[in-house]
Amino acid sequence: MLQRIYDWIDDRIDVTPLWRDVADHEVPEHVNPGYHFSAFVYCFGGLTFFTVVIQILSGMFLTMYYVPDIVNAHASVEYLQTDVAFGMIVRGMHHWGASVVIVMVFLHTLRVFFTGSYKKPREINWVVGVLLFFIILGLGFTGYLLPWDMKAYFATQVGLEIAESVPVVGDLISNLLAGGEFIGAQTLTRFFAIHVFFLPGALLGLIAIHFIMIRKQGISGPL
Amino acid sequence: MEKNHNVSRRQFLTYALLGTGGFMAAGLIMPMVRFGVDPILQADAEEDMIDVAGVDELTDVPQAFDMEYEQDHGWHVEQVTETVWMFLDGEEVVALSPTCTHLGCTVSWGTDADNPEQFFCPCHFGRFERDGTNVPGTPPTEPLHRYDHDVRDGRVLLGNPSPQV
C-alpha cells in the first residue's frame, strides 16, 4: 500500500534521487565512529540541528496556548504547564532544549576550532556559524521573557542594561528592543515577534546556507 | 511447506534502525500531539442550571431574557450574557435559543414587518413560528433549540439548549 503510494508519487515527480542524494551520501572514514571512536565529536553539528528541530516543533505547539499579553501571558503559561495534558513535558522540552542547543552549539564550535575546520576554504561557513550562534543566543534571550514571571522580568532588565552600556547608541538599542523606556506590554509583544518570527526566519535561512556549504566543500580532512 | 524465513543482516539492521528511530521519534512527537489535541479530549463541563427569570415575568408573548454565566477559557474566565426567548404556553414555560438553525445568526421576535408573529433571522431571512418550528421554504432546516428548564420557587432555571426533533 505504502509502496504503491510512493510509486505513484515517484512516477510523477521523481523523488527518489532527492532523498537518495541525502541518505546515500557517504561520509569520510575519519568522521565514522565505527573506525575511530573519537569521531563522535563530529556528531555535535547534527545534534545541534536535531535539538533545533525539537525546539521548533515544541515551540509551534506551545503557541497553541500561549498569549503574548501582559495580562494573560503568565496565566496562559501556568495553564498549559499544569492543566493541559503533557504540558509539563512539552514546555519542559522547550525549556531544557534551549540550554541543550546552546551546549551543543558550543561543543560543535569547539570541535570545528580544534580540528582547524574554520581554515580556508571554509571561512565563510565559520562566519555563518558564528552568526547562527548569535541568533541562538538571541532566541534564548527573547524566549526568557515570555513566561512573564519575576525571573523573566529581571533577566530582561539585565539584558537591556547590558545593551544600554554600548557607547553612544546604547539607549537607542535598548529602547528599540523594549519598544519603549520600560519593560511592559510592548516589550512582551516585541520579544514574542522576534522569538517566533524574525530569529527563526534568519535561523532557517542561515542553516540552509550552512548545510549547502558543508555539502559543497565536504567535511575537512583528518588531523 | 516450510519456507526460508531467514532475515538478512541488512534487513535486520533496517528493522532495528527503523524500529528504534520510530520509537524515539514517537517519544518526541506523541507528547506534543497529545498536548495539541487536548481541547477535543476535555470532558464537557457539567451542566449547571442557571436562574434566569421569575415565572411571573413571563407572558404569552416571547420576551428576551439575559442568561448570565461564567465561561472557562482555560486561563481566562469570562462572564457571558446570552439571550433567551421565553414565554408561557398555557402553564408550560418555553425557553428558546436565539441561535438560527441555518448558520447560527441570532433571531429576534417580531422584527420582520411582514411576519410580526414569528422569529426572524436577518442574515438569510430565516423564519420560525412562535413555538420555534421553522417555516418551510425559509433557510433553517430544523426548529429553534429549546433549553432544558426547571421551575423552583417561582424562578425559571435553564440548562443547555437541545434540538426539538
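The chains referred to below are lettered A, B, ... by the order of the sequence lines, with proteins before strands, and numbering in each begins at 1. This is a predicted model, so every value here is computed, not measured.
Looking at Leu57(A), both its backbone and its side chain come within 4.5 Å of chain B, counting heavy atoms on both sides. For Ile29(B), the part lying near chain A is the side chain, with the backbone staying farther off; criterion is any non-hydrogen pair under 4.5 Å. Heavy atoms closer than 4.5 Å to chain B are found in the side chain of Val67(A), but not in its backbone. Both the backbone and the side chain of Phe61(A) come within contact range of chain B, judged by heavy atoms closer than 4.5 Å. Both the backbone and the side chain of Val84(A) come within less than 4.5 Å of a heavy atom of chain B. Proximity to chain B involves both the backbone and the side chain of Asn72(A), based on heavy atoms less than 4.5 angstrom apart.
Closest of all the heavy-atom pairs between Pro31(B) and Met93(A) is CG-CE, 4.3 Å. Nearest heavy-atom pair across Phe182(A) and Thr187(A) is O-OG1, 3.3 Å.
Contact count versus chain B (heavy atoms, under 4.5 Å) is highest, among Ala75(A), Gly87(A), Ala85(A), for Ala85(A).
Sulfur-to-sulfur, Cys105(B) and Cys100(B) sit at least 2.5 Å apart at their SG atoms.
Ion pairing of Arg152(B) with Asp150(B) is present here, as a side-chain N (NZ or NE/NH1/NH2) and a carboxylate O approach within less than 4.0 Å.
Residues forming a side-chain contact (heavy atoms from CB on, under 4.5 Å) with Val158(A) (at least two apart in sequence, or on another chain): Ile162(A).
Judged purely by distance below 3.5 Å, without hydrogens or angles, the side chains of His195(A) and Thr142(A) pair a donor atom with an acceptor atom.
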